[in-house]
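Taking it in order: structure first as C-alpha cells, then the write-up.
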Amino acid sequence: MKEMTPLEEIRHSAAHVLATAVLRLYPDVKLDIGPPTSSGFYYDFDSEIPFTPEVVEAIEAEMKKVIKENQRFEKIEVSRDEAIEMIKEMGQETYKLGRLDDIPEGEAISFYRNGEFSDLCAGTHVNYTKKIKAFKLLNVAGSYHRGDSANKQLQRIYGTAFASKDELKEHLHRIEEAKKRDHRTLGREMGLFHIDDMVGQGLVLWKPNGAIIRQELEGFISSELSKQGYSQVYTPHVGKLELYRTSGHFPYYQDSQYPPIIHRDCLTELAEEGCSCSELSNKLEEGEIDGYLLKPMNCPMHIRIFRSEQHSYRDLPIRLAEFGTVYRWEQSGELNGMTRVRGFTQDDAHLFIREDQLQDEIQGCLGLVKTVFSLLGMNDYRVRVSLRAPESDKYVGEAEAWDKAEDALREAVKTLGVEFEEELGEAAFYGPKIDFVVKDVIGREWQLGTVQVDYNLPERFDLTYVGADNQDHRPVMIHRAPFGSMERFCGVLIEHFAGNFPTWLAPEQVRLLPMNDDLIDHAESLLIQLKEKKVRASIDRHSGKLGAKIRKAETDKIPHMIILGKREVEEGKVSIRSRNMPDLDGTCPFEDFLLAVSKEIESKSLPAKRPSVEKSPS
RNA sequence: GCCCAUGUAGCUCAGUCGGUAGAGCGCGUCCUUGGUAAGGACGAGGUCGGCGGUUCAAAUCCGCUCGUGGGCUCCA
C-alpha cells in the first residue's frame, strides 16, 4: 500500500469522520467505501433516506462534534476471521464483506478505529481528529457500487479538507473564480453560442461571434491541410443504413444513434401489416427494410469516396479531410455545454496509406496536433496512448496487425517530445489510438485531438490499391482530428483564454471610442480603413462618458481600443488602449496602429499579457 | 439512463405563513458632450418552464412532464 501524503491523510481521515457522523445520525446506513481524491474526499452510503441539503448540513455539524472530541485514530491488525466478525458486529456486511474479499490472501488486514467507529482500512490516517482543521461537505451525487450501473445506486457525499482554514478558503475561492471562466457562462455573455430547448438538447447554435471564432479556426486548419497534402471533401448528413451495416455501426451502436429514418410509405405498409415495434427493429437489423441514418461518423462516406476509383500504390497516401458534422445520441445526463453534445463537427480526416507509410503518416498527424496546441498556447495537456486490453475479445483484426499499429503509435509518440502514458483497454474496437486530453475549469478531462490506426474498416469495405506487383493490396487507414470537434474544442478554448482571445480569434478586434458625437464622423473614416484591412471593428456610439465606454469594452474583452478625442484628431493620431499588445498603449499615428494590428492578426500571435490563467482545482 | 439539486424579465437574483410579482445589470427615449473600468431622469419588458391536482385563492403545496447543474454509468 502506497504511503499517503499528509494532505491525503487529512482527507482520508475526514472521510472516516464523515462515516462516523452519518452512522451517529442514521445507524441503519450501510457503508461502502470512502477514499481521498485529488481534490478532497468522498464516502459512498446506502441510505434509505435521501441526503438532502438539510441532512448534509446536519451531518457536517455532527462531523464538527466528532472532530472536537479529538478522537484518536488507532490501527488494529486482525485476521480474516476476526475481520468478518468485526464487520458483522457493526452490521456492515452488505458491502464491507465484499471489500474484505478484495484483499488478497496473505496481505495484512487492518481496521482503523476512531471513537465508537471503526472501518476496514489500509490507512493511513492522522493521529487525532483535531488534525482535520478545515473541511467542507460540497455536494451529494449518485454512484453505482463498484462503478457498475447494474448494481445498486448509492449516495456519495463529496467534501474537501485542507491543513488550514486559509487553504480551504483559497480552494473554495478558486472554484468560484473558475466558474466565471466556464465556457457556458462566457459563451452567453460574449454571444458565442446558444443551446435552445426548442431546438433540442445538446444541439449547439453558433451565434455570430462564436461563428467567427470557428471560421478562423477552420480557416487555419484548412491552410495547414493544403500544406500537408490533404484533399477536402464534402459529404451529406445522412446515409443509408446499409452503409452503416457494412461499417458495423448499425445495429451494434444503436443506443448511441438517433433512430433511423424510414420512408413514410414503408411505415404505412408495416402499420397495415400490424407490424410491432420489435418486429420493425428486427427488420431494420436484418436489412429487410432500409432507411437512413443521421451520420454518426464520417469514415464510411470517406471510404466510399476512396472506393469510387482505382488507386495505384503511387497515389498513396490519399488524405481526405472534411469538417464533418455527426450526430450521436449521447445519454441525457452526459450532455454538457459545448463539451458533450449530440451534434458536432469533427475536423476529421481519413488517410488511406500503405503499411510502409504508417510511421511517417502518424508523425505527420501528430505534428499537426502539436502545431495547433502550441499556436494556441495550450501546453497543459496529457497524451494517452490507448492500447487494447490483452485478453479482451472486443477487438477486431489480427493480433499481428495490432502489434504493428501499436508499435507504430508508440514510436511516433516518442518523437513528440512530451510525456505520455499508455492505457490498456482504451483503444477503439478497430485499432489503437493516441489521444490528447485537456482539463476544463472544474478539472474534468476532455479528449480533444486523436490519431487512430485502423485495419478493420479497409477490410469491411474491401478496400484495395494496386501494388508494384500488379496485385491488389489492402490499405491501412488513419483516422485523425486535431481539434476533435469544433464544439468541444471551442468550449475548452473559451475556458483556456477565459474569453480573452488572441486578436486573430477575437470576434471584435478593435473598438473605436469617440469622446463625443462630433467625433463619430472621424471614427467612421477610421472604421472604413480598418475594414479595408479586414480588421473586425466597431464604433461605440453610446452617449455615456468615456470611462463607461472603456469599461464596456473591457468587459466585452475587446483586444484593442482606440480612444478618439479632439486632441488626437488635431494631431492626426489615435490613443490606444490595448489588452493583447501593451506595447501599443499610448498615442501613435493611426497608420502605425493599423500596421501593428494587421501584423498581429497575420502572425496569429498570442496575447502578450497572458490572462491570469488560474489552475483548475484539482 | 440513474441519484441529488434546480427552473421567477435578455442576464444575475429577491419574493416571509398560499392572498394576482420585485431589484440590479442590460435595453429604449430624453438630458448630459466628456480624457482611460459605471453621469442622470423616465420608460418598455414576466401566463413565475409546461400540464394537471388541492384550495375561495397557487410563483409558493402535491403529482406528472420538459429543461438545466453536479455526480455516476457511457463515449464506436
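Note that these values count all heavy atoms, side chains included, but never hydrogens, waters or copies made by symmetry. To find a chain, count down the sequence lines: A is the first, B the second, and so on, and within it residues start at 1. Everything quoted here is computed from the prediction, not taken from an experiment.
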Classify the nucleic acid contact of Pro296(A) as base, sugar-phosphate or nothing, counting any heavy atom under 4.0 Å across all strands shown.
base
CG of Asp148(A) versus P of C72(B): gap in Å, rounded?
15 Å
Expressed in angstrom and rounded to an integer, what is the separation of Ile175(A) atom CD1 from G70(B) atom P?
13 Å
Base, sugar-phosphate or nothing for Arg184(A)? Non-hydrogen atoms, less than 4.0 Å.
sugar-phosphate
Nearest whole Å is fine: how far is A37(B) C1' from Leu513(A) CG?
12 Å
How is Lys566(A) classified with respect to the nucleic acid when contacts are heavy atoms under 4.0 Å: base, sugar-phosphate, or nothing?
base
Those residues at least two apart in sequence (or on a different chain) that pass side-chain hydrogen bond (donor to acceptor under 3.5 Å, both in side chains) with Arg146(A) are Asp102(A)
When you measure from the side chain of Glu322(A) to the backbone of Thr235(A), do you find a donor-acceptor pair of N or O atoms at a distance under 3.5 Å?
yes
Assess the side chains of Ser575(A) and Thr587(A): does a donor N or O sit below 3.5 Å from an acceptor N or O?
no
Pull up the glycosidic torsion of G45(B) and say syn or anti, syn being anything within 90° of 0.
syn
Do NZ/NE/NH1/NH2 and the carboxylate oxygens of Asp518(A) and Lys566(A) come within less than 4.0 Å?
no
Spell out, as yes or no, whether a donor-acceptor pair under 3.5 Å connects the side chain of Arg181(A) to the backbone of Glu495(A).
yes
Roughly how many Å apart are C13(B) and C74(B), using the C1' atom of each and rounding to a whole number?
35 Å
Taking any heavy-atom pair under 4.0 Å as a contact, classify Asn336(A): base, sugar-phosphate, or nothing.
sugar-phosphate
Between the protein and nucleotides 41-49 of chain B, which nitrogen or oxygen pairs are less than 3.5 angstrom apart?
none

Please check if the side chain of Arg511(A) supplies one atom and the backbone of Met561(A) the other of a donor-acceptor pair under 3.5 Å.
no
Specify the residues of residues 55-63 of chain A, ordered by number, for which at least one heavy atom lies under 4.0 angstrom from an atom of RNA chain B.
none
Please state the P separation for the pair C62(B) and U6(B) - nearest whole angstrom.
11 Å
Determine the contact category for Gly333(A): base if any of its heavy atoms lies under 4.0 Å from a base atom, sugar-phosphate if only primed atoms, P, OP1 or OP2 are that close, otherwise nothing.
base
For Phe135(A), is the NZ or CZ atom of Arg11(A) found under 6.0 angstrom from the centre of its six-membered ring and inside 45 degrees of the ring axis?
no
How far does the C1' atom of U47(B) sit from the matching atom of A58(B), given to the nearest Å?
13 Å
For Tyr252(A), which contact category applies under a 4.0 Å heavy-atom criterion: base, sugar-phosphate, or nothing?
nothing
What nucleic acid atoms does Gln201(A) come within less than 4.0 Å of, heavy atoms only: base, sugar-phosphate, or nothing?
sugar-phosphate
For the rings on Trp206(A) and Phe193(A), is their centre-to-centre separation under 6.0 Å?
no
Whole-angstrom distance between A44(B) and C25(B), as gauged at atom C1'
16 Å
Given A37(B), G35(B), A5(B), which nucleotide is nearest the side-chain atoms of Glu554(A)?
A37(B)
Under 4.0 Å, heavy atoms only, any strand: does Arg156(A) hit a base, just the sugar-phosphate, or nothing?
sugar-phosphate
Check Glu406(A) with Arg388(A), please: is the shortest side-chain N to carboxylate O separation under 4.0 Å?
yes
Ring centroid separation for Tyr455(A) and Tyr430(A), is it under 6.0 angstrom?
no
Would one find a side-chain N or O of Ser256(A) under 4.0 angstrom from OP1 or OP2 of C75(B)?
no
Are there any protein N/O atoms within less than 3.5 Å of an N/O atom in nucleotides 24-30 of chain B, and if so, which ones and at what distance?
none

Please report the distance separating the C1' of A57(B) from the corresponding atom of A21(B), rounded so that it comes out in whole Å.
16 Å
Is Asp347(A) reaching over with its side chain to a backbone N or O of Phe483(A), donor-acceptor style, under 3.5 angstrom?
yes
At under 4.0 Å between heavy atoms, what does Gly544(A) touch on the DNA or RNA strands: base, sugar-phosphate, or nothing?
base
Under 3.5 Å, is there any donor-acceptor pair linking the side chain of Arg340(A) to the base of C74(B)?
yes
CD of Glu330(A) versus P of A76(B): gap in Å, rounded?
9 Å
Identify whether any heavy atom of Thr52(A) sits under 4.0 Å from a base atom; if not, whether one sits that close to sugar-phosphate; answer base, sugar-phosphate or nothing.
sugar-phosphate
Need one value for Arg188(A): base, sugar-phosphate or nothing, where a base atom within 4.0 Å counts as base even if backbone is also close, heavy atoms only.
sugar-phosphate
Between Gln257(A) and His249(A) (side chain of the first, backbone of the second, donor and acceptor by atom type, cut-off under 3.5 Å), is there such a pair?
yes
Name the nucleic acid region contacted by Tyr144(A), choosing base, sugar-phosphate or nothing; use a 4.0 angstrom heavy-atom cut-off, strictly under.
base
Pairing of Arg342(A) and Glu487(A) as salt bridge, 4.0 angstrom limit:
no
Expressed as a whole number of angstroms, how long is the span from Arg567(A):CZ to U36(B):P?
9 Å
Just to be sure I understand the rule, does Asn139(A) reach a base, reach only the sugar-phosphate, or reach nothing, if contact means heavy atoms closer than 4.0 Å?
sugar-phosphate
hbond_proxy Gln155(A) side chain to G71(B) base (donor-acceptor, 3.5 Å cutoff)
no
Work out how far the P atom of G52(B) is from that of G18(B), and round it to whole angstrom.
23 Å
Could you run through RNA chain B and flag its stems, i.e. three or more consecutive Watson-Crick or G-U pairs with both distances under 3.5 Å?
B:1-7 with B:66-72, B:10-13 with B:22-25, B:27-31 with B:39-43, B:49-53 with B:61-65
Test side-chain hydrogen bond (donor to acceptor under 3.5 Å, both in side chains) applied to Asp440(A) and Trp446(A), step by step:
CA-CA 7 Å; Asp440(A) 70 8; Trp446(A) 299 100; 3.0 Å; yes
Checking Glu568(A) now: which residues fulfil side-chain hydrogen bond (donor to acceptor under 3.5 Å, both in side chains) with it, not counting sequence neighbours?
none
For the side chain of Arg444(A), starting at C-beta, report the closest nucleotide among G71(B), G67(B), G1(B).
G71(B)
Is Arg577(A) salt-bridged to Asp585(A), going by a charged N under 4.0 Å from an acidic O?
no
Within the structure shown, what part of the strands sits under 4.0 Å from Gln254(A) by heavy-atom distance: base, sugar-phosphate, or nothing?
nothing
Quick check for you: to the nearest 0.5 Å, what is the distance between His542(A) atom NE2 and Asp517(A) atom CG?
11.5 Å
How far does the P atom of G24(B) sit from the matching atom of U33(B), given to the nearest Å?
26 Å
